[in-house]
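What follows is a single structure, written as structure tokens, with notes after it.
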Amino acid sequence: MAESNASVIDLALDTLRKEKQAIIFVNTKRSAEKVAEDLSTKLKELSPVAQEMSEKVLHSLQKPTVQCERLAKCVRKGIAFHHAGLVHHQRELVEEGFRSGVVKIIAATPTLAMGVDLPAFRVIMRDVKRYTHQGYTFIPVLEYHQMCGRAGRPNYDTYGEAISIASTEDEREELIDRFIKGKPEAIYSKLAVEPVLRTHLLSLIASNFVNTKKQIMDFFEQTFWAFQYKDMHRLEMIICKMLDLLEEWEFVVSNAEDFKSAGELEDTKYRATFMGKRVAELYLDPLSAFHLVTCIRKSTSRQIVPFSWLQMVSNTLEMRPLLKARTREYDQIQQVLVEYDSKLLQDEPSMFEPEYEDFLNSVKTAMFFHDWIGEKEEDYLLKTFDIRPGESRAKLDIADWLLYSAEDLARILQFQPLLKELERVRVRLKYGVKEELLPLIRFKHVGRVRARMLFRNNIRDVGDVKKADLATLTQILGKQTALSVKEQVGQELEPVKPGKRKGQIALHDYRE
DNA sequence: GGACGGTGAAACTTCAGGTTGCCTC
DNA sequence: GAAGTTTCACCGTCC
């Protein structure tokens, strides 16, 4: 055990002796799990309430992953870890457990300080540095305060403790100077970040909030961004560049041509196209929207498979950070590339171009999605792609949104044959099922597991469900679900429930 | 002698999180 | 930059 961990554990044990609670902040998900685990091995099993909670934690997914087992084991001792890799339900369980006092100590990444309001008697700051693109650097003072701010529970404690750990006297001085005496860093406007600017510019035009170039400039002159940078000339140049792009991408139209000779560019009028309005409504970054449009147009000249769409949505800013293609995985990714070479909607950039790495990452991300709709289990995904359930849910959510957007754009661009295809991929992604389970997944209370069980028992569509007798269905699905499914095909074998017409088929989230 | 297990040093590997976007029978 | 993990050499024990 690392030395710093030993002192962290001591502090945590001391907190327990005082019959108080603590949050330990660390800088990686792995560390959070490790600290919680190390601590839990030093403790005895707790109350039956903790056992009960541990069971809930373990069965938050269809099938427990190693992560679930690890957390469940800690919770049994009143310890937990908390980071974005946990599924929403597990995070809630941990937070709730802490509030009710079942969980005494949480080892967490900054997630816990960001959203949730979870005060503790003691906050232990194990790490005050974090790896970023600039190297291993101190966390912002603002964030340090945010985390320490969790110390002290307003209605229970008269005071709280936030403890940082230094290994030398010099380090102690540095921590005090930087985080306690030091000023929080200034806040800078993010409007100058291109994706943000693009999105806002388009939405301003689409909502008719501004129309002429003069109005646009007047608007941005009033923003915090302009106030901070004061360089309106540079700002104007950036905005003009953006406007040109939006026009080139056919999200806005202008009458700029009319003014070419007159020199009255200020009066140039901008108006969003139908597609531009939709892009703004979907809250898409126009660059991503253009990427989707380009892919949709290209789709007619390619042999399209689900992987094509998965790679398309993977290569967007929204999907970042992408799964990282490791050096030792290059061979495997190359194999996939060979297989899907002619089927991708984006040409492979040259190995020497800067976007090549992102391209490989997007392929790896698509491989993850592909395995998910190939009915691979979460535990497999965790081991293969190093993506935890909470993270994979977040990615799937974004993919769903982008595919929905793509579907909408395809409709606007009159690519009708694509609609069904995109919808199918969307449903498959939502439930994580192979193509053949699509008819079954439409039933309420039937997810990937039950659908697969039905399929294995030769019940493969609505007709089969109708034909199957209740006993068989009950054996496969259990009594309640079997009855529900039968009801959904219009065979009510129990007293008719009010409000539901006979013969009505419940089609949730998916229409043929 | 060889299989096995425990130990510890050295060599690798990897590193937080994210809000809101849509639609909904 | 450092924590965490994996690998590997080394040693002792047991059969």
Side-chain angles (χ1 to χ4, degrees), chain A residues 1-6 8 25-38 81-86 88 91 107-116 126-140 143-144 146-147 165 167 171 190 193 195-196 198-200 202-203 206 277-286 288-289 292 313 316-321 323-329 386-388 390-391 393-395 397-409 411 422-423 426-427 430 442-444 488 500-501 504-512:
Chain A
M1 197 189 301
E3 204 176 306
S4 66
N5 260 6
V8 164
F25 281 111
V26 295
N27 64 4
T28 66
K29 292 191 272 286
R30 265 195 190 152
S31 289
E33 296 183 16
K34 178 80 163 33
V35 169
E37 210 165 41
D38 285 354
F81 52 85
H82 187 287
H83 55 58
L86 300 187
H88 192 70
R91 271 202 249 182
T109 58
T111 8
L112 199 63
M114 292 177 84
V116 217
R126 196 197 70 174
D127 304 324
V128 290
K129 284 184 166 185
R130 183 185 303 145
Y131 180 84
T132 63
H133 296 297
Q134 285 86 41
Y136 200 63
T137 55
F138 281 108
I139 59 172
E143 208 180 302
Y144 182 90
Q146 176 88 351
M147 294 198 258
I165 297 166
S167 45
E171 202 185 325
K190 279 236 165 86
V193 181
V196 178
R198 285 192 293 251
T199 309
H200 283 290
L202 179 59
S203 99
K277 274 189 189 145
R278 198 66 193 120
V279 169
E281 279 170 11
L282 290 164
Y283 213 81
L284 282 173
D285 172 359
S288 298
L292 298 183
V313 295
T316 57
L317 290 179
E318 282 85 348
M319 197 57 83
R320 289 191 188 185
L323 304 195
K324 243 173 91 187
R326 323 257 179 234
T327 325
R328 61 164 186 274
E329 295 166 338
D386 194 28
I387 187 167
R388 296 165 173 80
E391 298 163 304
R393 299 288 164 93
K395 289 268 177 275
D397 204 39
I398 296 169
D400 181 62
W401 161 42
L402 290 172
L403 281 172
Y404 173 82
S405 301
E407 204 183 319
D408 228 24
L409 290 170
R411 194 174 294 120
L422 282 162
E423 181 69 19
R426 237 185 109 207
V427 177
K430 180 163 182 179
R442 294 158 50 194
F443 290 107
K444 265 186 195 164
Q488 290 173 58
K500 200 138 212 193
R501 274 176 292 127
Q504 183 183 15
I505 298 177
L507 299 173
H508 58 123
D509 304 310
Y510 173 56
R511 277 146 287 144
E512 270 186 313

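Below, read A as the first sequence line, B as the second, and so on, with proteins coming before strands; counting in each chain starts at 1.
- For A/Glu281 and B/dC22, the CD to P distance is 8 Å, given to the nearest whole Å.
- Atom NE2 in A/His133 sits about 16 Å away from atom C1' in C/dG1, given to the nearest Å.
- Nearest approach of A/Ser203 to A/Ala280, heavy atoms of both residues: CA-CB, 4.0 Å.
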Every protein N/O within reach of nucleotides 14-18 of chain B N/O, cut-off under 3.5 Å:
{"unit_1": "B/dT14", "atom_1": "OP1", "unit_2": "A/Arg326", "atom_2": "NE", "d": "3.4"}
{"unit_1": "B/dT14", "atom_1": "OP1", "unit_2": "A/Arg328", "atom_2": "NH2", "d": "3.3"}
{"unit_1": "B/dC15", "atom_1": "OP1", "unit_2": "A/Asp386", "atom_2": "OD2", "d": "3.4"}
{"unit_1": "B/dA16", "atom_1": "OP1", "unit_2": "A/Lys29", "atom_2": "N", "d": "2.9"}
{"unit_1": "B/dA16", "atom_1": "O5'", "unit_2": "A/Asn27", "atom_2": "O", "d": "2.8"}
{"unit_1": "B/dA16", "atom_1": "N1", "unit_2": "A/Arg130", "atom_2": "NH1", "d": "3.1"}
{"unit_1": "B/dG17", "atom_1": "OP1", "unit_2": "A/Ala84", "atom_2": "N", "d": "2.9"}
{"unit_1": "B/dG17", "atom_1": "OP1", "unit_2": "A/Thr109", "atom_2": "OG1", "d": "2.9"}
{"unit_1": "B/dG17", "atom_1": "OP2", "unit_2": "A/Lys29", "atom_2": "NZ", "d": "2.6"}

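- In this structure, the side chains of A/Thr199 and A/Val279 stay at 4.5 Å or more apart for every pair of heavy atoms.
- In this entry the distance linking CD of A/Glu423 with C1' of B/dC23 reads 10 Å, nearest Å.
- For the pair A/Lys129 and A/Phe138, the cation-pi criterion (under 6.0 Å, within 45° of the ring axis) is fulfilled.
- A donor atom on one side chain and an acceptor atom on the other are found under 3.5 Å apart for A/Ser31 and A/Arg126.
- What separates NZ of A/Lys34 from P of B/dT13 is a distance of 20 Å, to the nearest Å.
- Rounded to a whole angstrom, the distance from the P atom of C/dG4 to that of B/dA16 is 11 Å.
- Within the nucleic acid shown, A/Ser31 comes within 4.0 Å of sugar-phosphate atoms alone, with no base atom in reach, counting heavy atoms only.
- With sequence neighbours excluded, the residues that form a salt bridge (charged side-chain N to carboxylate O under 4.0 Å, His left out) with A/Glu329 are A/Lys364.
- In this structure, A/Trp401 places its CH2 atom 7 Å from C1' of B/dT20, rounding to the nearest Å.
- If you check B/dA16 for Watson-Crick or wobble pairing at under 3.5 angstrom, you find it has no partner at all.
- The nearest whole Å value for the distance from the CD atom in A/Glu329 to the P atom in B/dC12 is 18 Å.
- Nucleotide C/dG1 holds its C1' atom 11 Å from the CZ atom of A/Phe138, rounded to whole Å.
- If you take CZ of A/Arg198 and C1' of B/dT20, they are 17 Å apart, rounded to a whole angstrom.
- A salt bridge does not link A/Glu318 with A/Lys395: every distance from a Lys NZ or Arg NE/NH1/NH2 to an Asp or Glu carboxylate oxygen is 4.0 Å or more.
- Between A/Glu143 and A/Arg130, at least one side-chain nitrogen of the basic residue sits less than 4.0 Å from a carboxylate oxygen of the acidic one, meeting the salt-bridge criterion.
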